[in-house]
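So the structure is just underneath, and the comments pick up after that.
Residue numbers start from 1 in every chain, and the chains themselves are labelled A, B, ... in the order their sequence lines are given, proteins ahead of strands.
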Number of protein chains: 4
Amino acid sequence: MTNRSTKAASRKPEADGEAPPASNRATRAAERRAAIVEAAMEEFIVRGFAATRLDDIAKRAGVAKGTIYLHFKDKESMFEELVRTVIVPVVARLNALPPPTGSVRDLIETFAGNFLKEVIGTRRGDLVRLIVAEGPRFPAVADFYYREVVSRGMAGMRALIELGIARGEIRERDLAHYPQILVAPAMIAVIWQSLFARHAPLDAQDMLRVHLDLIFGERRTT
Amino acid sequence: MTNRSTKAASRKPEADGEAPPASNRATRAAERRAAIVEAAMEEFIVRGFAATRLDDIAKRAGVAKGTIYLHFKDKESMFEELVRTVIVPVVARLNALPPPTGSVRDLIETFAGNFLKEVIGTRRGDLVRLIVAEGPRFPAVADFYYREVVSRGMAGMRALIELGIARGEIRERDLAHYPQILVAPAMIAVIWQSLFARHAPLDAQDMLRVHLDLIFGERRTT
Amino acid sequence: MTNRSTKAASRKPEADGEAPPASNRATRAAERRAAIVEAAMEEFIVRGFAATRLDDIAKRAGVAKGTIYLHFKDKESMFEELVRTVIVPVVARLNALPPPTGSVRDLIETFAGNFLKEVIGTRRGDLVRLIVAEGPRFPAVADFYYREVVSRGMAGMRALIELGIARGEIRERDLAHYPQILVAPAMIAVIWQSLFARHAPLDAQDMLRVHLDLIFGERRTT
Amino acid sequence: MTNRSTKAASRKPEADGEAPPASNRATRAAERRAAIVEAAMEEFIVRGFAATRLDDIAKRAGVAKGTIYLHFKDKESMFEELVRTVIVPVVARLNALPPPTGSVRDLIETFAGNFLKEVIGTRRGDLVRLIVAEGPRFPAVADFYYREVVSRGMAGMRALIELGIARGEIRERDLAHYPQILVAPAMIAVIWQSLFARHAPLDAQDMLRVHLDLIFGERRTT
DNA sequence: CATGAATGAGCTTTCATTCAT
DNA sequence: CATGAATGAAAGCTCATTCAT
């Protein structure tokens with residue numbers, strides 16, 4: 001989905017017709033690569049790395065099997081680059097967050113709201129589960145994910161917690177040592193949706209609200 | 001090979017009669033099955049379902065490849081039964097917990113301590129990650145795990161939380177709706193150990209302490 | 001052909017019936033291996049290493065593709081071991097040659113006669129051409145062939161030449177430095193049969209006679 | 001890439017007009033073809049026909065893969081035409097040999113000297129081995145080689161031998177039936193250099209000297 | 001019951017050939 | 001003419017499963 005936007009954008013001009021006459025070669029190649037990445041993500045999420053067939057990725061991407069090898073060295077590097085490709089824009093957006101104005105609770109609630117909308121129960125959430133699943137077999141992936149997402153996320157959360165403590169919004173001072181506690185319910189929600197949603201749907205939004213109440217104290221007015 | 005000699009030895013005596021002398025056949029079969037289950041768990045955890053070779057399981061279990069098929073229909077059912085086999089005694093022990101005496105916080109702390117010792121960073125923790133990883137491909141596994149472990153665990157936690165609320169130990173009344181919040185940091189610790197321990201070791205015990213402080217209020221005396 | 005003898009020998013006992021009920025497992029395995037080696041030699045000779053398909057070898061050997069991998073690590077080692085397997089008995093027979101009695105010329109003529117019958121224009125001759133063809137890509141094969149066949153052959157020829165010189169049968173004393181000259185026409189005959197036989201058949205026997213006349217002087221009586 | 005710049009440069013001038021200024025198209029095409037032939041020979045010699053990749057030939061020749069198909073129908077015909085292209089000038093030079101003056105031995109020694117310098121241990125020698133290697137798979141190549149090189153060479157050698165016999169330089173009259181004997185050591189030297197040079201270097205020049213002594217009798221004075 | 005050799009479908013990867021640019 | 005991205009048939013190799021011993 002992410003990469004599709006690029007493609008969709010570059011196609012807009014021909015949106016009124018039916019046949020895509022293709023722009024220049026570089027663009028075509030980029031589109032193909034994006035299609036492969038998207039198809040691969042879909043397949044890897046559904047079947048896992050080992051059980052995914054390149055044949056299926058090619059079919060879903062609408063390219064020949066050999067084409068995949070014009071963009072990726074082999075299945076492994078495809079998987080690793082795929083994670084990079086999908087993660088990078090996410091990190092970029094996090095880095096481009098607006099400067100912290102308002103109360104820490106508001107900030108975190110906004111953030112939680114975005115997470116809820118854009119991760120939990122979406123393809124992006126499935127990617128997280130995929131990384132949990134394949135991480136041990138792909139140290140490069142786990143490393144990358146830790147470096148780019150986890151460590152930055154933890155640092156950001158810690159800063160917010162410290163701000164909250166300084167402002168008197170948060171009483172539990174040791175929380176700054178374990179930003180994981182802050183995000184744990186959100187992560188659990190991600191996993192829950194993947195595994196147990198059909199047995200017992202989870203109101204993630206409400207759960208996150210309760211969790212924030214636990215940390216910041218109950219809100220007087222909603 | 002090891003087991004072969006044993007087997008040959010235990011068979012000789014019954015060659016002339018009908019009665020099994022020392023350890024009977026059923027026992028030996030059960031031992032074999034246990035060895036296979038153990039070996040399979042090891043391999044599945046390290047390589048995941050699809051990438052695990054029956055050959056390796058057989059070698060590790062010290063049996064022939066064909067023997068596996070005397071105990072399991074195929075690779076899939078082996079995986080599913082394996083999870084059952086490993087999970088069941090855990091559930092049994094949870095059911096056999098001592099009746100709740102003392103404060104709710106003490107109870108939960110005891111429970112967390114056990115979890116810390118017996119799950120986080122152990123083979124059992126890896127099994128949890130394995131279920132997260134393979135769950136979507138094995139509805140039977142996810143179902144079983146939800147029914148036997150998750151739903152019971154959630155129910156137990158909810159009961160404890162309600163008790164804590166009734167006794168005034170817990171102030172956040174809505175917490176009873178989301179026992180997931182109570183266990184989330186513990187689950188995160190399990191996953192963290194599998195994926196990021198070498199980048200940033202996590203003091204799970206201390207984290208859980210902070211989390212309980214958040215729920216029950218800080219302890220006055222240690 | 002070489003290896004078949006082994007197989008044929010072990011089959012003799014059942015030669016009166018039609019169905020090969022198979023002896024013990026080890027024998028069966030050895031037979032299969034021999035069949036693979038023979039089929040592989042045939043295919044490699046006809047198509048060369050790179051163009052030979054394992055599928056065809058398997059089909060010709062009457063086994064499944066996977067069976068080949070029970071006996072050989074991969075295509076390359078199959079080729080290398082094949083050469084070894086086929087060459088070894090040849091070397092063994094050379095080593096078991098009768099002690100040199102009679103004139104040197106008679107000895108060499110006998111040897112040439114055997115070579116004529118058993119190498120030139122036979123599968124064994126094709127193998128020589130195969131080694132010439134693939135040697136540069138398979139140093140291990142060229143090494144082995146040099147060590148086991150060429151260097152020994154050269155040493156043997158040199159000894160014979162020196163004996164001939166000592167006895168006054170050979171006048172050209174420097175010939176001992178280049179036993180290659182002695183065998184060159186025989187080797188050329190091998191190659192000629194492979195490449196040009198259909199354009200211009202070569203009477204190898206007569207050519208070798210002329211060559212020996214050149215070295216030993218013309219024979220008075222035939 | 002190298003050639004690209006040249007090409008671009010040579011094309012610019014004709015952009016405004018129609019006439020090719022400096023080197024015309026036919027010349028450029030011929031150069032390209034020559035580059036492809038050269039590169040192909042190199043690759044075929046090193047890897048053999050089947051294992052050679054057109055990609056590598058194109059890269060080495062500095063042209064695009066598609067360009068090869070402007071000059072050759074497919075890989076097979078490229079190989080066949082390549083052999084022709086490389087062999088033809090050699091044959092031409094042989095035909096342009098100076099008229100036989102001086103003794104036959106001198107003639108042959110001169111010839112052997114040239115062979116030594118220009119074939120044994122050179123790329124041209126490798127080509128001979130390549131033809132030996134691939135000949136059976138490429139009847140057209142073997143045919144061509146036999147017709148253009150072997151049969152002519154044999155005829156020439158036979159004429160020389162007959163001359164030598166007539167002049168009394170050669171005593172072995174039957175040698176004229178087997179000119180192969182005359183060239184055999186030279187061919188063996190070619191093959192030896194390809195396969196065994198690193199195990200046991202061969203002094204081809206001295207070997208040929210000894211061989212000629214065998215045929216013509218030892219030289220009294222050098 | 002237990003074995004492990006044998007099977008062959010299926011998977012990843014390569015590469016000759018084509019053709020729109 | 002020249003290019004090189006794209007194709008897809010084909011090849012090497014693996015491994016779950018079977019079954020004669």
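- Nearer the 5' end of DNA chain F, as judged by each residue's closest nucleotide, is the contact made by D:Thr67, out of D:Thr67 and C:Gly66.
- You'll find the side chain of D:Val37 stays beyond 4.5 Å of the side chain of D:Met78, heavy atoms only.
- Residues satisfying the side chain to side chain contact (heavy atoms under 4.5 Å, CB included) criterion with C:Arg137, sequence neighbours excluded, are C:Glu134, D:Arg129.
- With sequence neighbours excluded, no residue satisfies salt bridge (charged side-chain N to carboxylate O under 4.0 Å, His left out) with A:Glu80.
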Please assess D:Met41 against D:Asp126 for the test side-chain contact (heavy atoms from CB on, under 4.5 Å), listing each intermediate value before the final yes or no.
-> CA-CA 10 Å; D:Met41 178 150 119; D:Asp126 291 331; over 6 Å; no

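- By the salt bridge (charged side-chain N to carboxylate O under 4.0 Å, His left out) test, D:Glu38 pairs with no residue at all, sequence neighbours left out.
- Atom CD of D:Glu43 and atom P of E:dA16 are 11 Å apart (whole Å).
- Residues of residues 72-86 of chain D that place a heavy atom closer than 4.0 Å to DNA chain F do not occur.
- Qualifying ring pair (Phe, Tyr, Trp, His ring centres under 6.0 Å) partners for B:Phe79, counting only residues two or more places apart in sequence or in other chains: B:Phe44, B:Phe49, B:Phe138.
- With hydrogens and angles ignored, a donor-acceptor pair closer than 3.5 Å exists between the side chain of A:Lys65 and the base of E:dT13.
- Here salt bridge (charged side-chain N to carboxylate O under 4.0 Å, His left out) pairs that include residues 46-66 of chain B, with residues two or more places apart or in two chains, are B:Glu43-B:Arg47, B:Glu43-B:Arg60, B:Arg53-B:Asp56, B:Asp55-B:Lys65.
- Note: CD1 (C:Ile68) to P (F:dG12) measures 9 Å, nearest angstrom.
- Between A:Arg32 atom CZ and F:dA5 atom C1' the separation is 8 Å, expressed in whole Å.
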Bracket string, DNA chain F, 5' to 3' - pairs by Watson-Crick or G-U geometry under 3.5 Å, | interstrand | .||||||||||||||||||||

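- Between C:Leu54 and C:Phe72 there is no side-chain heavy-atom pair separated by less than 4.5 Å.
- Neither OP1 nor OP2 of F:dA2 sits under 4.0 Å from any side-chain N or O of D:Arg33.
- Under the 3.5 Å distance criterion, the side-chain polar atoms of B:Thr52 are matched with a main-chain donor or acceptor of B:Gly48.
- Between the CG atom of A:Leu70 and the P atom of F:dG4 there is a distance of 13 Å, rounded to whole Å.
- Shown for residues 51-63 of chain C: residues whose heavy atoms fall under 4.0 angstrom of DNA chain F, namely C:Thr52, C:Arg53, C:Leu54.
- Taking the side chain to side chain contact (heavy atoms under 4.5 Å, CB included) definition, one finds that D:Ala50 meets it with C:Ala50, C:Ala51, sequence neighbours left out.
- The distance between atom CD of C:Glu31 and atom C1' of E:dA6, rounded to the nearest whole Å, is 15 Å.
- Note: CZ (D:Phe49) to P (E:dC15) measures 13 Å, nearest angstrom.
- Of the two residues contacting DNA chain E, namely D:Ala50 and A:Ala50, the nearest-nucleotide position lying further toward the 5' end is that of A:Ala50.
- In this structure, C:Ala133 and D:Ala133 approach most closely via the heavy-atom pair CB-CB, 3.2 Å.
- Partners of B:Arg33 by salt bridge (charged side-chain N to carboxylate O under 4.0 Å, His left out), not counting sequence neighbours, listed by chain and number: B:Glu81.
- Nearest-nucleotide mapping onto DNA chain E: of B:Ala29 and A:Tyr69, the residue sitting toward the 5' end is B:Ala29.
- For C:Ile36 and E:dA6, the CD1 to P distance is 8 Å, given to the nearest whole Å.
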